[in-house]
Amino acid sequence: MRNEPRKIVLLSGASSGIGLATARLLAAEGYGLVLVARRADRLAALAEELAPLAPVWTQALDLRDKEGVLSLPARLPEDFARVDVLINNAGAGLGVGPIHEADLDHWDATLDLNVKGLLYLTRAFTPGMVARGAGHVVNIGSVASREVAPGCNVYCASKHAVEALTKATRLDLLPHGIRVTQISPGMVQTEFTLARHQGDAQKAMQSYQGYQPLDPADVAQAILFALSRPANVNINDIVLTCLAQADINHILKR
C-alpha cells in the first residue's frame, strides 16, 4: 500500500453496518486492524475473512465497560500496540418516541455507548498518539449532531455531544500533531435501525421504503478519504446523505 510502516487502525463497532464495511475497505487498503465489538462470533468470522488481506486482531468488548476499555492498550499484542488511527464508530439509538414516554434504560444505553464509550476509547488511545506526536481520531457522528427530529431526543443529544467532543478533542490535540475528524452520515441502511425499533423488522424496513438510503460502504469511503489525505491536511467534518435526504427531517419518498 505504501512505503511507510503499515498503519494500525482501531475500529469499534466492527461487526456490522458501517464498521463492517470500513473494516473490509481498510483491510483491502493494507491497514492493520484492531477490531472491537460485542459479538465475538462475528468478530472471529470477520478476522478469518480479512486475514488474507491484512493483519487483524479482535477483541469482544462492551464499550460501557470502563475498566475493560481503559485496560485495552496494555492487552494489545506487540504488532498492534501502536494504534495510529482510532475510529469511534460504535453507537446506539435505542427507542423512538416522545420524551415523556421514554424508556430510561434506552436513554442510559444510548448515552453510555455514544458518549461515554467514545470517551473511554479516546482516553485510552490518545496518550500513545501524544507521545508519538502523530495520530488520527475519527468520530462517527450523524446529521443528528446538528439537527433534531421528533422522537429522537436523546439520540440527537448524544450526537450533539459527539460533535462538541470532536471539536474539543481537536483543540486539545492540536499542539501534538494529531488529526481529528467527524464523519456525519444521514440515513444508512444497517442493523442500527432494527435495534432502534427493538427488533421489529417491518418497522425497520419501512424506514427505507420509497428512496435509496446510503450504503455502509458509502460511509466507509468517506472515512478512507479522511485517512488518506496528506499529513498536513485535516478533514474536520464530512456530512453525507443520500440524494433523497435534505436534512434529518426531510426525505423525499416516491
Side-chain angles (χ1 to χ4, degrees), residues 12-21 36-39 42 61-66 69 88-121 139-167 182-216 218-219 237-254:
S12 68
S15 64
S16 65
I18 294 170
L20 177 60
V36 177
R38 290 179 296 110
R39 293 173 287 196
R42 290 198 180 191
L61 181 63
D62 188 330
L63 298 187
R64 294 173 293 179
D65 176 4
K66 179 171 64 175
V69 174
N88 284 308
N89 166 71
L94 296 177
V96 179
I99 200 163
H100 59 282
E101 298 176 358
D103 183 323
L104 299 188
D105 289 337
H106 290 165
W107 283 1
D108 287 343
T110 298
L111 291 171
D112 284 350
L113 183 56
N114 293 4
V115 181
K116 293 168 70 176
L118 178 149
L119 283 169
Y120 296 157
L121 272 176
N139 293 333
I140 306 304
S142 167
V143 293
S145 66
R146 62 206 67 213
E147 301 166 345
V148 296
C152 298
N153 36 76
V154 169
Y155 176 72
C156 289
S158 74
K159 290 302 184 179
H160 274 64
V162 169
E163 179 163 10
L165 288 169
T166 302
K167 292 176 178 178
Q182 180 175 249
I183 308 292
S184 302
M187 287 295 289
V188 187
Q189 188 162 1
T190 69
E191 292 179 14
F192 177 91
T193 304
L194 182 64
R196 189 174 189 185
H197 290 286
Q198 286 87 63
D200 189 324
Q202 183 175 0
K203 284 186 177 180
M205 289 308 300
Q206 286 174 351
S207 301
Y208 305 120
Q209 289 179 354
Y211 71 104
Q212 184 176 351
L214 293 173
D215 186 86
D218 299 323
V219 185
D237 196 0
I238 296 177
V239 181
L240 65 156
T241 66
C242 65
L243 182 60
Q245 184 173 15
D247 58 35
I248 194 172
N249 288 303
H250 296 89
I251 299 176
L252 180 63
K253 298 186 178 184
R254 301 183 185 277

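Side chains are part of it too, since the values below use all heavy atoms of this structure and drop only hydrogens, waters and symmetry mates.
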Let me confirm one number: the [atom1]-[atom2] distance from [X] to [Y], rounded to the nearest 0.5 Å.
X: D112; Y: D105; atom1: CG; atom2: CG; result: 10.5 Å
X: R64; Y: L111; atom1: CZ; atom2: CG; result: 11.5 Å
X: T110; Y: D108; atom1: OG1; atom2: CG; result: 9.0 Å
X: R38; Y: L61; atom1: CZ; atom2: CG; result: 10.5 Å

Check [X] against [Y] and note the closest heavy-atom contact, atom names and distance.
X: S158; Y: N114; answer: OG-ND2, 3.0 Å
X: N249; Y: V148; answer: ND2-O, 2.9 Å
X: L240; Y: L214; answer: O-CD1, 3.6 Å
X: A161; Y: V115; answer: CB-CG2, 3.9 Å
X: Q182; Y: D237; answer: O-OD1, 2.9 Å
X: V219; Y: P185; answer: CG2-CB, 3.9 Å

Q.
Between E163 and K159, does any side-chain N to carboxylate O distance fall below 4.0 Å?
A.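 No, no charged N to carboxylate O under 4.0 Å.
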Q: Would you check if there is a donor-acceptor pair between the side chains of N139 and T166 at a distance under 3.5 Å?
A: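 Distance-only check passes for T166 and N139.
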In the structure I gave you, are the side-chain heavy atoms of [X] and [Y] within less than 4.5 Å of one another anywhere?
X: D247; Y: V143; result: no
X: M187; Y: Y208; result: yes
X: W107; Y: I99; result: yes

If we ignore hydrogens and angles and just use 3.5 Å, is the side chain of [X] paired with the main-chain N or O of [Y] as donor and acceptor?
X: Q245; Y: P213; value: no
X: T241; Y: G186; value: no
X: S145; Y: H160; value: no
X: E147; Y: I248; value: yes
X: D218; Y: D215; value: yes
X: N89; Y: I140; value: no

**Q.** CZ (R42) with more than 12 external heavy atoms under 6.0 Å
**A.** yes
Q: Identify the residue among L63, L121, V69 that makes a side chain to side chain contact (heavy atoms under 4.5 Å, CB included) with V36.
A: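 Going through the options one by one, the only one that passes is L63.
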Q. Passes side chain to side chain contact (heavy atoms under 4.5 Å, CB included), I251 versus K253? Steps please.
A. CA-CA 6 Å; I251 299 176; K253 298 186 178 184; 4.2 Å; yes
Q: Apply side chain to side chain contact (heavy atoms under 4.5 Å, CB included) to S15 and R39, showing your working.
A: CA-CA 7 Å; S15 64; R39 293 173 287 196; 3.4 Å; yes
